[in-house]
Amino acid sequence: MKEEFDFLNGDPFAEWLWKRLGMAYPSNLGWAVEIERAAEAADVPAMELFFDLLDEFRAAHHDAQPSAGQAPQASPEAEQPHVTE
């Protein structure tokens, strides 16, 4: 499946991320810096937080339905604390 996705400010991931991180408005520093800040505050590796957030974004925006024989997985949000600044 081809996925239309880029990581520019203003893209769906960035818009979702600002809300997910509890930010009232977009960051001029960009999503990567804000993920680094959130990771530092949560004392987790930034790359780990990035991929956790990306998985959560994809799950929320791609209406992923489990295939026959697959059990639905728990929400990544339930496993991860909500990070705000």
Side-chain angles (χ1 to χ4, degrees):
M1 170 171 91
K2 182 167 172 37
E3 188 173 357
E4 298 295 325
F5 193 79
D6 61 16
F7 292 101
L8 302 174
N9 282 329
D11 73 300
F13 177 73
E15 294 300 317
W16 173 87
L17 183 66
W18 307 141
K19 292 175 188 165
R20 173 64 175 80
L21 295 180
M23 298 175 69
Y25 50 89
S27 169
N28 288 333
L29 300 175
W31 59 263
V33 171
E34 295 305 335
I35 290 174
E36 287 176 350
R37 287 179 172 186
E40 185 176 327
D43 197 30
V44 297
M47 289 299 289
E48 180 180 318
L49 181 58
F50 166 72
F51 284 110
D52 288 346
L53 289 167
L54 182 59
D55 288 344
E56 186 179 333
F57 169 78
R58 286 180 170 166
H61 287 83
H62 292 294
D63 297 326
Q65 298 294 324
S67 301
Q70 283 186 321
Q73 295 183 0
S75 166
E77 188 170 322
E79 300 171 11
Q80 188 177 120
H82 184 74
V83 180
T84 59
E85 288 194 43

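All heavy atoms count here, side chains included; hydrogens, waters and symmetry mates do not. All residue numbers refer to positions in the sequence shown, counting from 1.
With contacts defined as side-chain heavy-atom distances shorter than 4.5 Å, the pair Asp11/Glu15 does not qualify.
In terms of the side-chain contact (heavy atoms from CB on, under 4.5 Å) criterion, residue partners of Ala46 (sequence neighbours excluded) are, by chain and number, Glu36, Ala39.
Taking CZ from Arg58 and CZ from Phe51, the interatomic distance works out to 8.5 Å, rounded to the nearest 0.5 Å. Atoms CG and CD, from Leu17 and Glu34 in turn, are 8.0 Å apart once rounded to the nearest 0.5 Å.
Nearest heavy atoms, Ile35 versus Leu49: O-CD2, 3.7 Å. Considering all non-hydrogen atoms of both residues, Leu54 and Phe13 come closest at CA-CE1, 4.1 Å.
Phe50 and Trp31 have parallel rings, their planes meeting at less than 30° on a 0 to 90° scale where 60° marks the start of perpendicular.
A salt bridge is absent between Arg37 and Glu40; no separation between the charged side-chain nitrogens and carboxylate oxygens falls under 4.0 Å.
Aromatic ring centres of Tyr25 and Trp18: separated by at least 6.0 Å.
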